[in-house]
Number of protein chains: 4
Amino acid sequence: MIQPKLDRIPAGIGSLADFEALAHDRLDPGAFAYLMGGAGDGITRDRNRQSLDGLELVPRVLRSLAGGSTACTLFGSHLPHPVLMAPVGFLTVLHEAGEAGAAQAADATDTPMVLSTLSSTPLEEVAAAAPGPKWFQLYVQADRGLTRALVQRAEAAGYRAIVITADAPISGVRDAERRAGFRLPPTVTAANLPGGRALVAGQADRVEDPLGDILREAPTWEDVRSVCAMTRLPVLVKGILAPGDAETAIQSGAAGVVVSNHGGRTLDTAIPSIRALPRVAEAVAGRVPVLMDGGILRGTDVLKALALGATAVLVGRAWATAFAAAGPLGAAWALKVLVEEFAVAMALTGCRTLADIRPDLLETPRP
Amino acid sequence: MIQPKLDRIPAGIGSLADFEALAHDRLDPGAFAYLMGGAGDGITRDRNRQSLDGLELVPRVLRSLAGGSTACTLFGSHLPHPVLMAPVGFLTVLHEAGEAGAAQAADATDTPMVLSTLSSTPLEEVAAAAPGPKWFQLYVQADRGLTRALVQRAEAAGYRAIVITADAPISGVRDAERRAGFRLPPTVTAANLPGGRALVAGQADRVEDPLGDILREAPTWEDVRSVCAMTRLPVLVKGILAPGDAETAIQSGAAGVVVSNHGGRTLDTAIPSIRALPRVAEAVAGRVPVLMDGGILRGTDVLKALALGATAVLVGRAWATAFAAAGPLGAAWALKVLVEEFAVAMALTGCRTLADIRPDLLETPRP
Amino acid sequence: MIQPKLDRIPAGIGSLADFEALAHDRLDPGAFAYLMGGAGDGITRDRNRQSLDGLELVPRVLRSLAGGSTACTLFGSHLPHPVLMAPVGFLTVLHEAGEAGAAQAADATDTPMVLSTLSSTPLEEVAAAAPGPKWFQLYVQADRGLTRALVQRAEAAGYRAIVITADAPISGVRDAERRAGFRLPPTVTAANLPGGRALVAGQADRVEDPLGDILREAPTWEDVRSVCAMTRLPVLVKGILAPGDAETAIQSGAAGVVVSNHGGRTLDTAIPSIRALPRVAEAVAGRVPVLMDGGILRGTDVLKALALGATAVLVGRAWATAFAAAGPLGAAWALKVLVEEFAVAMALTGCRTLADIRPDLLETPRP
Amino acid sequence: MIQPKLDRIPAGIGSLADFEALAHDRLDPGAFAYLMGGAGDGITRDRNRQSLDGLELVPRVLRSLAGGSTACTLFGSHLPHPVLMAPVGFLTVLHEAGEAGAAQAADATDTPMVLSTLSSTPLEEVAAAAPGPKWFQLYVQADRGLTRALVQRAEAAGYRAIVITADAPISGVRDAERRAGFRLPPTVTAANLPGGRALVAGQADRVEDPLGDILREAPTWEDVRSVCAMTRLPVLVKGILAPGDAETAIQSGAAGVVVSNHGGRTLDTAIPSIRALPRVAEAVAGRVPVLMDGGILRGTDVLKALALGATAVLVGRAWATAFAAAGPLGAAWALKVLVEEFAVAMALTGCRTLADIRPDLLETPRP
């Protein structure tokens with residue numbers, strides 16, 4: 001039986017991971033598979049976490065930490081901490097508060113939110129519901145005019161960056177959702193798109209000819225150049241795992257890259273994000289910010305990503321499980337605790353500011 | 001209690017692996033041991049899968065995929081995809097539709113079938129039941145005249161290649177079958193052989209002097225040369241794991257080699273196929289096609305084998321479990337989904353055609 | 001239901017590890033979490049043990065062992081064995097015999113005890129209860145005058161060394177204690193501190209601004225220099241994992257260092273102690289003794305630590321679990337068996353004295 | 001409830017490992033701990049097996065195997081296979097047929113038996129019960145005159161080699177036996193020793209001063225030289241893991257060495273035998289035979305040991321579990337199947353004789 005959503009954080013909660021079980025009991029099996037499922041056998045999803053746990057820290061002690069801070073600067077904006085909310089589609093599947101509620105959790109924790117193209121709430125309404133900094137995640141649409149319209153609407157609504165998702169030209173092998181028989185509830189639509197219709201991962205029936213019709217319209221680097229030309233906002237490319245693709249992104253005008261395997265939701269056995277990060281960071285060589293997502297669940301994970309070259313991290317399931325269990329309150333709790341843990345990890349490794357977080361904090365800098 | 005065979009694919013099926021449990025419930029324990037058991041402790045059988053899962057992909061994004069295709073060419077024939085059905089003996093043990101039914105599943109999915117010498121249906125009947133391309137797997141018989149007759153019958157019946165199995169001069173240590181007390185049902189015979197009699201793996205009682213009588217008649221490289229001389233068909237040697245043996249196969253006239261450990265059914269702790277593949281491919285250096293089998297269960301597995309030098313792959317348990325559970329319909333479903341997954345994996349790694357599948361897709365090219 | 005404490009060692013006990021279950025049944029869940037819990041997910045706590053188990057010994061045989069001994073010298077004192085009791089706070093949480101009882105177990109086994117600043121018994125009373133050699137573990141207090149008073153009291157009471165804990169400027173992420181709702185019982189106080197009040201790990205509510213107020217008062221290397229100047233006792237710095245910090249400790253006047261990750265209780269995924277040890281020992285290069293704690297539970301663990309450069313080891317949970325189950329008798333049993341196992345390990349590896357314990361006893365000298 | 005011993009091999013038995021469960025049900029817990037227990041946490045016992053399983057074979061195919069054989073020569077004697085029965089003490093604890101019954105199983109399978117000093121039957125009676133080739137395992141006695149008498153009795157009774165156990169100068173940490181409360185039954189004595197008294201592993205109460213009294217009498221290399229001088233038989237030293245000790249053994253007159261960690265029964269976390277073997281074999285460089293024991297349970301294990309430099313292997317638990325369950329019949333069955341599996345492994349890797357078993361059969365020659 002599905003339990004009612006929580007209206008407070010239970011006493012026994014120790015860390016963000018504890019919310020997975022709470023979300024499990026408060027979502028129908030399909031929605032839970034949508035939230036937690038990985039592509040295929042979930043190997044990349046699991047290895048995202050395992051690879052982070054596998055990295056070992058070599059702390060420095062007794063350094064002065066007076067005046068320490070987790071603050072950073074990104075695209076000219078000051079941020080109190082280097083954690084952003086990764087785009088998660090159709091948030092009303094997880095909690096009735098939807099994208100507007102998630103945006104309020106973001107504001108409550110000074111966390112920039114990256115809103116998905118596949119929002120169940122129009123991007124303008126989300127912006128209106130919470131005034132904090134927001135970015136817009138862009139799925140390039142088969143209709144390139146529609147793509148342009150989305151970018152223009154986001155810019156007009158005050159979104160501060162465009163994040164083009166590059167790693168999902170086609171839905172992955174979403175066995176978990178298929179087994180659970182996940183379908184979007186009829187009340188949930190892609191509110192940013194005409195008619196509310198989207199071809200969503202796990203949603204379509206099996207594709208008959210994957211290398212045929214659909215991929216003829218798939219986004220390419222030309223789309224990156226085109227989006228860069230149509231907006232004054234910084235444009236990031238999300239889903240970079242190969243160093244050469246980071247180079248191409250910069251050459252195509254990208255103002256940043258996001259190392260990501262889509263949370264293990266598209267291509268199973270893709271390399272874990274944290275293992276791809278140092279090589280991408282090396283190729284980028286500081287020319288643009290390198291963000292990263294995939295498995296971040298602990299403050300030490302944030303520290304490790306920064307030590308390996310990330311400017312900031314995005315987190316998805318880390319807050320979305322708490323959101324599914326306890327709505328905006330849960331999401332805010334999760335983000336707050338994650339940042340607190342990060343500050344503790346800085347203190348315990350002798351890092352006063354983000355500039356002190358260097359590769360030699362890790363026993364194995366190139367895992 | 002053994003459940004009745006399925007006549008449709010159940011709704012909850014997510015991937016090929018899900019059929020193992022369905023087959024388990026629809027076969028008697030002996031037949032299930034025959035289907036799934038590995039030699040000894042099943043270590044090589046399991047490592048075939050684990051080694052594939054252990055390989056990590058580094059996808060490329062935003063490349064143009066328009067006009068993409070999974071097509072390939074093998075021995076002058078155009079194939080819509082690089083997946084073949086590996087030989088599996090005595091298919092009527094698994095499903096009453098037998099080899100003819102399996103051949104129809106092959107045709108339905110444009111998959112060449114490699115028929116086993118130990119077919120429970122005469123090779124001519126199988127060819128008549130389904131007109132698609134077929135190869136013939138050859139166990140060299142103690143009576144070399146009988147060997148010649150088998151080759152001639154296969155050629156006459158339209159089979160397009162001969163695959164000599166080299167890695168089973170003697171039955172392996174088939175503990176699983178022995179524990180389950182597997183015996184061929186009396187109605188099942190080796191229909192290609194005189195009197196329907198064959199010395200089948202797991203079937204004979206313990207061999208008293210394995211290095212004595214039996215091995216005196218075991219096949220040698222001389223038999224490869226002899227078979228090459230007796231037919232115009234391309235002859236492949238299956239069961240190659242050592243690079244030097246690939247060289248000898250080519251010197252002996254083989255038109256191709258199959259990297260294989262017999263699905264882990266003969267020598268336990270033999271090296272996993274995917275780990276042996278790159279060295280064999282390096283030794284072959286493109287002179288003949290290199291095929292591979294052993295553990296392929298996912299589209300990404302096909303991609304990995306091709307990235308490491310395979311021209312095509314053979315799959316056995318991947319369709320045979322579905323065949324055991326749901327007959328020809330199951331086998332066809334499994335093969336279709338495997339090829340679809342392969343196409344999705346190509347799309348998600350930026351491969352438009354098979355020529356784009358290169359070793360640098362893998363984090364560790366030499367696993 | 002919580003079982004009564006044991007007044008004898010049960011017949012079935014095989015080794016120190018067996019006491020964990022006995023302690024589990026004799027402590028309330030919060031106290032057990034305080035005893036056994038690690039920071040975060042307990043990864044470092046577990047890896048401390050796993051890394052020791054992973055080291056493999058290459059014994060030498062048939063050497064003369066006549067006149068062998070486990071004796072060693074530390075800061076000019078003769079010790080019958082190189083094992084010390086690590087500081088454990090608030091022992092009355094574990095057993096009513098408290099620190100005085102633990103000190104008597106130390107004396108019974110000729111083991112120097114390191115008393116925690118956070119003792120629930122005044123340091124003078126502990127010294128009076130058992131005359132054996134004792135060291136004092138120092139948490140630098142926000143009030144530096146109080147720090148000085150603690151050092152002077154310890155020196156006056158006959159403690160023979162000061163061990164400054166460097167790796168806990170702030171409480172770690174103590175999820176296990178938080179989940180179990182651990183709170184110090186009202187009868188337990190920090191008896192060495194004015195008003196019995198201490199900010200104890202896991203005890204405080206979530207810290208709001210970890211890099212702010214609290215850390216302004218955190219200890220630094222200046223405190224090490226200051227403590228060294230205020231006492232004639234040898235001063236050790238505990239919590240060293242980075243070789244560079246060992247160098248700084250020596251430069252700051254430390255007479256020894258303790259390689260430690262605080263039993264995995266502060267920073268999860270910190271490097272296991274035994275893996276950090278050889279590099280620290282190399283940096284120290286024999287200038288001062290290098291001690292080590294973290295996961296020691298077997299005589300072979302002691303042997304391995306010494307082979308990798310430790311002069312002596314500290315053990316915490318190894319005796320504290322037995323203390324929690326069976327009081328001073330349990331602690332004494334555990335220490336006695338640990339030393340016996342160590343002697344057996346020396347004999348079985350051909351080591352007559354500690355000088356024979358060299359890195360080549362280990363298959364992988366640098367794990 | 002303890003089940004009666006078997007008088008036939010059950011139908012469901014697939015391999016030697018299956019006997020462990022049968023023995024478990026037919027021995028009291030103490031005797032089972034004596035049979036299967038390892039020192040400490042059983043890590044070395046388990047790793048003996050895991051290291052063998054971890055080695056991967058690269059078979060060669062289609063070589064001529066006509067006239068193949070498992071025969072070998074050892075100390076001038078022809079043996080039909082390179083497997084010996086390792087010494088196991090007090091066999092009447094396992095089965096009433098005792099050492100005489102085990103010796104008959106040895107004869108039935110042409111297996112040389114190494115009789116333990118701690119036999120529960122006098123060595124002369126064992127020799128009389130079964131005429132096949134036998135070696136005598138020697139525990140050097142505190143009374144060196146008694147040592148000499150044992151050697152002379154063995155030589156007089158027709159034993160063909162003396163195997164000095166070097167790796168047990170003191171009983172290991174036998175937690176499993178201690179937990180199970182194992183005690184030798186009163187009817188079982190050390191029949192080769194005056195008064196039937198022996199200080200048996202796991203039997204003595206905790207040793208008070210392991211590096212003291214007992215070790216004053218422990219065997220040294222001088223004893224090896226002394227035994228070599230007192231007999232015309234070849235003398236082997238058993239328990240060698242360090243290459244340097246192999247050199248010393250040869251310098252001391254040994255005619256062979258046995259790479260062994262005593263089945264993991266003395267020093268836990270000692271290096272697995274198969275991992276120590278190649279380095280010892282390299283040091284010995286063919287000057288004397290190198291035997292090996294530890295974890296051999298499969299024909300492929302024998303093959304791997306020979307590939308890494310062993311001339312022959314000893315097996316203990318491999319037959320002793322079967323002996324405990326089914327007496328001499330069980331032991332004979334186990335030895336017969338092991339040799340059959342070895343022959344099959346030779347055939348499947350293309351080895352006609354033992355000379356063909358070379359390191360390149362292994363994927364990782366130096367594991």
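Naming: A, B, ... by sequence-line order, numbering from 1 per chain.
- Heavy-atom pairs under 4.5 Å with chain D were tallied for Thr266(B), Val173(B), Asp41(B), Asp268(B); the largest tally goes to Asp41(B).
- Heavy-atom pairs under 4.5 Å with chain D were tallied for Leu241(B), Leu267(B), Asn261(B); the largest tally goes to Leu267(B).
- Annotation: maximal heavy-atom pairing with chain D below 4.5 Å, among Ile271(B), Asp167(B), Val224(B), occurs at Ile271(B).
- Most heavy-atom pairs under 4.5 Å with chain D: of the set Asp223(B), Thr220(B), Val237(B), this distinction falls to Thr220(B).
- The aromatic rings of Tyr34(B) and Phe182(B) sit parallel, their planes meeting at an angle under 30°, below the 60° perpendicular limit.
- Interface remark: of the candidates Ala166(B), Gly40(B), Ala176(B), Ala166(B) forms the most heavy-atom pairs closer than 4.5 Å to chain D.
- Contacts between Arg298(D) and chain B at a heavy-atom distance below 4.5 Å involve the side chain alone, from C-beta outward.
- Contact count versus chain B (heavy atoms, under 4.5 Å) is highest, among Leu52(D), Leu361(D), Asp53(D), Thr300(D), for Asp53(D).
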Output, in order, the C-alpha distance, side-chain angles, deciding distance and verdict of salt bridge (Lys or Arg N to Asp or Glu O under 4.0 Å) for Arg179(B) and Asp18(D). CA-CA 10 Å; Arg179(B) 287 194 191 100; Asp18(D) 294 346; 2.9 Å; yes
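- Heavy-atom distances place no part of Ile164(B) under 4.5 Å from chain D, backbone and side chain included.
- Annotation: side chain of Phe136(B) is in contact with side chain of Leu150(B) (closest heavy-atom distance under 4.5 Å).
- The parts of Ala242(B) that come within reach of chain D are both its backbone and its side chain, each placing non-hydrogen atoms under 4.5 angstrom from that chain.
- Interatomic distance, Arg45(B) CZ to Arg49(B) CZ, rounded to the nearest 0.5 Å: 12.0 Å.
- Classified by interplanar angle (parallel below 30°, tilted 30° to 60°, perpendicular above 60°), the ring pair His24(D)/Phe32(D) is perpendicular.
- In the displayed structure, Arg225(B) atom CZ is contacted under 6.0 Å by more than 12 heavy atoms of other residues, nucleotides or ligands.
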